[in-house]
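Just below is one structure, and these are the notes that go with it.
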Amino acid sequence: YESKRQHLGVVHYRPDFDQYDSTTLTLVGELGQAIANGELVLHYQPKGSLSDGTVTAVEALVRWQHPKRGLLYPDAFLPAAEQTELIDELTRWVLASAGEALPALDPTGQLAVAINISARSLARADFTEDVLTVLAEHQVDPKRVILEITETSLMADPRRAARTLDELHQAGVRISIDDFGAGQTSLGYLATLPISELKIDKAFVLAMLSDERNAAIVRSVIELGHSLGFTVTAEGVETTEILQHLDAYRCDTVQGYLLARPIPSEALAAQLTAAVDLLDVTLLRPRP
Ligand code: C2E
Ligand code: MG
Ligand code: MG
Ligand code: MG
């Protein structure tokens with residue numbers, strides 16, 4: 001691992017660079033340096049359970065504390081990284097950092113950590129091995145790890161993706177389908193995958209009270225997920241009213257600014273308590 005780290009500062013010229021514009025190249029070069037310099041940070045956002053009012057997991061979301069440009073969000077640098085192998089370094093860094101942070105984030109050992117995986121990383125032949133190696137290096141139980149994969153990533157090479165997900169599942173890692181409803185996954189294909197969770201794309205959740213068609217999609221995804229034996233999570237929950245509707249629809253888990261924004265690990269403990277309190281006062285249905 002150390003020897004790999006040493007290359008990170010310099011992004012060597014590779015023939016595949018020819019196809020990229022200079023902005024992408026500059027960004028990728030800087031980002032390689034940034035990983036080596038420790039400029040990336042993870043913020044964490046809780047996932048709250050509607051069935052028992054607890055926080056079950058936190059999702060790690062990467063940010064770049066840029067020395068000149070301030071805090072950059074994934075939209076500003078991930079698309080460039082995803083065009084090159086640098087995304088694999090980033091994925092390994094995220095796994096390692098989240099793994100390292102987990103004992104302090106969660107002294108009770110109950111929380112799972114969710115990590116977003118880009119299509120390009122999922123497509124690597126040795127992706128499973130990479131993941132399991134990093135987790136082992138940081139003594140992270142694979143059962144406490146959820147990998148969030150978008151429909152688009154699956155559809156790039158559905159058969160390879162299915163094989164990779166099977167390997168990860170065998171090792172105990174949970175699989176979540178992120179931004180569900182925004183892509184074009186075949187339902188027949190989806191039903192064969194070892195999935196634990198569907199995350200409803202936040203576009204549907206954000207608009208579900210202003211447009212009945214969005215509410216219909218949200219209800220359908222919840223029903224579909226349950227029929228296939230998956231947990232269903234709604235992302236983008238910003239209001240109490242939406243949370244209560246989701247609860248009435250028997251959505252399992254929620255994530256969104258109402259519960260907590262993504263925040264640095266130091267601030268997480270307080271937010272976890274606040275999120276549980278919020279669920280306690282918001283959920284109307286009696287809990288077991
Ligand atoms: P995502 O995985 O679907 O994450 C949800 C995004 O919605 C996050 O944006 C989050 O901050 C934001 N969000 C959370 N709650 C709310 C809410 O209530 N309302 C609204 N409007 N937005 C909310 P963020 O952090 O900017 O990340 C954007 C995307 O970048 C993520 O979408 C994910 O696809 C990708 N990403 C983030 N971190 C990583 C990473 O470490 N690796 C990879 N490969 N992708 C990442
Ligand atoms: Mg996600
Ligand atoms: Mg999402
Ligand atoms: Mg997204």
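Residues: numbered from 1 along the sequence shown. Any value given below was found using the heavy atoms of this structure, including those in side chains, with hydrogens, waters and symmetry copies removed. Just so you know, ligand 1 is whichever comes first in the structure, and atom 1 is the first atom listed for that ligand.
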Under 3.5 Å, is there a donor-acceptor pair between the side chain of N37 and the main chain of E39?
no
Using modelled atom types and a 3.5 Å cut-off, is there a donor and acceptor pairing between side-chain atoms of D201 and backbone atoms of A182?
no
[X] with [Y], same ILVMFWY side-chain cluster at under 4.5 Å:
X    : Y    : result
L168 : I117 : yes
L72  : V94  : yes
L61  : L102 : no
Y257 : V281 : no

How does [X] reach ligand 1, if at all, at less than 4.0 Å between non-hydrogen atoms: by side chain, backbone, both, or neither?
X    : result
H43  : neither
K202 : side chain
D178 : side chain
Q45  : side chain
V62  : both
L78  : side chain
S118 : both
E59  : side chain
D179 : side chain

Option with minimal heavy-atom separation from atom 43 (C) of ligand 1, where the choices are N116, D75, L95:
N116
Name of the E59 atom (N/O/S only) found closest to the Mg ion (ligand 2):
OE2
If you consider just the N/O/S atoms, which atom of E148 is the closest one to the Mg ion (ligand 2)?
OE1
Numbered atoms and elements of ligand 1 in range of [X], under 4.0 angstrom, heavy atoms:
X    : answer
V94  : 41 (O)
E235 : 3 (O)
P262 : 11 (O)

Has R261 got any heavy atom lying under 4.0 angstrom from an atom of ligand 1?
no
Heavy atom of E238, distance to ligand 1 below 4.0 Å:
yes
Ring geometry between H245 and Y249 (parallel below 30°, tilted from 30 to 60°, perpendicular above 60°)
perpendicular
Metal site the Mg ion (ligand 2): N/O/S of S176 inside 2.8 Å
no
Determine whether L40 and L31 satisfy the following criterion, side chain to side chain contact (heavy atoms under 4.5 Å, CB included), listing intermediate values before the conclusion.
CA-CA 9 Å; L40 294 190; L31 184 58; 3.9 Å; yes
Go through the steps for Y73 and R63 under the test side chain to side chain contact (heavy atoms under 4.5 Å, CB included), then give the verdict.
CA-CA 5 Å; Y73 286 78; R63 278 91 179 87; 3.6 Å; yes
Contact between L224 and F180 at the side-chain level, heavy atoms closer than 4.5 Å - yes or no?
yes
L198 and L190, any side-chain heavy atoms less than 4.5 Å apart:
yes
Which N/O/S atom belongs to D178 and is the closest one to the Mg ion (ligand 3)?
OD1
Using only N, O or S atoms, tell me which atom of D179 is closest to the Mg ion (ligand 3).
OD1
Go through the side-chain N and O atoms of T150 and S153 and say whether any donor and acceptor fall under 3.5 Å apart.
yes
